[in-house]
Amino acid sequence: MNKNKAIGIFDSGIGGVTVLKEILKLLPNEDYIYYSDSINNPYGDKSDEEIKIICEHIVNEFIKQECKAIVIACNTASAKAAQYLRETYKHIPFIAIEPAYKMVYDYAYYEPTLVMATKGTIESEKFNLLYHTYDNHKTILLPCVGLADIIEEGNQDKLKIYLEEHLNAYRGKVKNVVLGCTHYPLIQNEIQEVLGQVHFFNGAPYLAKHLQEVLEENNLVNIEHTKKEIQFIDSSNDEQKKKRFFEIIKE
Ligand code: DGL
């Protein structure tokens, strides 16, 4: 594996940009290829088998481009396919995200907590193992069917209606929110408008740290490179997504 090669990163759309932004804070000298799989959005309602096939296709693209590591910037794909991908492609490191629920156990054990994630993540074996290991017995699991699509679409009116409808019941009742889908950090303000002041837990900074460690362990950190490049690919060639992606990167 060559340390001058890019890191591949993917999600079902542009949500994974929230992960890339955390990675850029730690690894600014790397090249990245971001794959926004908007043609298959949402991942959240798909079966394990479907997710595995979709991920294999993306991984093969990254392998063609000789990526040195692959970041699964999607909780759903991480929960359903990370293990399979690691077993299938042994020569390349995979770095996967998971809802930051352990952080609640470590730092906010006594506080009522809402976990927001896709239906796929909440029902997955991997998340259930995490949840039962660190259960603080004050947690509500909320499968947010359709929310990632609304964020992807960028329709503020629809978003407000959705959040009112699904979060209003928890207003003033929860202190913490686990952002268990990589799209959700993009709507923290809108979530607080409905829930009031809450503390957010996001797995992305931990993934970034882990990626850095994996690159260091494998002697893959690009130290000399100064010209950072972020290549954006969208599976439905949506120019709007590309525009929004780079706007968010710059914010
Ligand atoms: N952003 C993804 C996640 O973290 C998936 C959203 C979706 O496509 O349903 O779960």
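Start at 1 and go down the list; that is how both ligands and their atoms are numbered. For this chain, numbers begin at 1 and follow the sequence in order. Values reported hereafter were calculated over all heavy atoms of this structure, with side chains retained and with hydrogens, waters and symmetry mates removed.
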Atom pair CG (N202) and OH (Y184), whose distance is rounded to the nearest 0.5 Å: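 Nearest 0.5 Å value for the CG-OH distance: 12.5 Å.
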Parallel, tilted or perpendicular: ring planes of F245 versus F232, cut at 30 and 60 degrees: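 Judged by the thresholds at 30° and 60°, the geometry between F245 and F232 is tilted.
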Going by the ring-ring contact (aromatic ring centres under 6.0 Å, His included) test, name the single residue among Y105, Y109, F201 that passes it with Y134.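 In the set Y105, Y109, F201, the residue that makes a ring-ring contact (aromatic ring centres under 6.0 Å, His included) with Y134 is Y105.
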Regarding ligand 1, does H183 bring an N or O atom to under 3.5 Å of one of the ligand's N or O atoms?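 The answer is yes, given that H183 and ligand 1 share an N or O pair closer than 3.5 Å.
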Geometry only, no angles: is T121 polar-contacting ligand 1 at N/O separations under 3.5 Å?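 In this structure, T121 places no N or O atom under 3.5 Å from an N or O of ligand 1.
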Is the contact between [X] and ligand 1 made by the side chain, the backbone, both, or neither, using heavy atoms and a 4.0 Å cut-off?
X    : answer
N75  : both
C74  : both
T182 : both
P42  : both

Between [Y] and [X], is there a salt bridge with N-O shorter than 4.0 Å?
X    : Y    : value
D106 : K102 : yes
K138 : E111 : no
K241 : E152 : yes
K243 : E239 : no

Start with the C-alpha distance between V194 and E164, add both sets of side-chain angles, then the distance that settles side chain to side chain contact (heavy atoms under 4.5 Å, CB included), and finish with yes or no. CA-CA 6 Å; V194 182; E164 274 294 327; 4.0 Å; yes
Please identify which atoms of ligand 1 are closer than 4.0 Å to at least one heavy atom of [X].
X    : answer
D11  : 1 (N), 2 (C), 5 (C)
N41  : 8 (O)
S12  : 5 (C), 6 (C), 7 (C), 8 (O)
T118 : 6 (C), 9 (O), 10 (O)

Checking a contact table here: which protein heavy atom is nearest atom 10 (O) of ligand 1, and how many Å away?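 Here the nearest protein heavy atom works out to T76 OG1, 2.6 Å.
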Tell me which protein heavy atom sits closest to atom 7 (C) of ligand 1, plus the residue, atom name and distance to 0.1 Å.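 The protein heavy atom lying closest is Y43 N, 3.3 Å.
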Can you tell me if G44 has a non-hydrogen atom under 4.0 Å from ligand 1?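 Distance cut 4.0 Å: G44 passes for ligand 1.
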More than 12 heavy atoms of other residues, nucleotides or ligands under 6.0 Å from CD of E125: is that the case?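 Not buried by this count: 12 neighbours or fewer within 6.0 Å.
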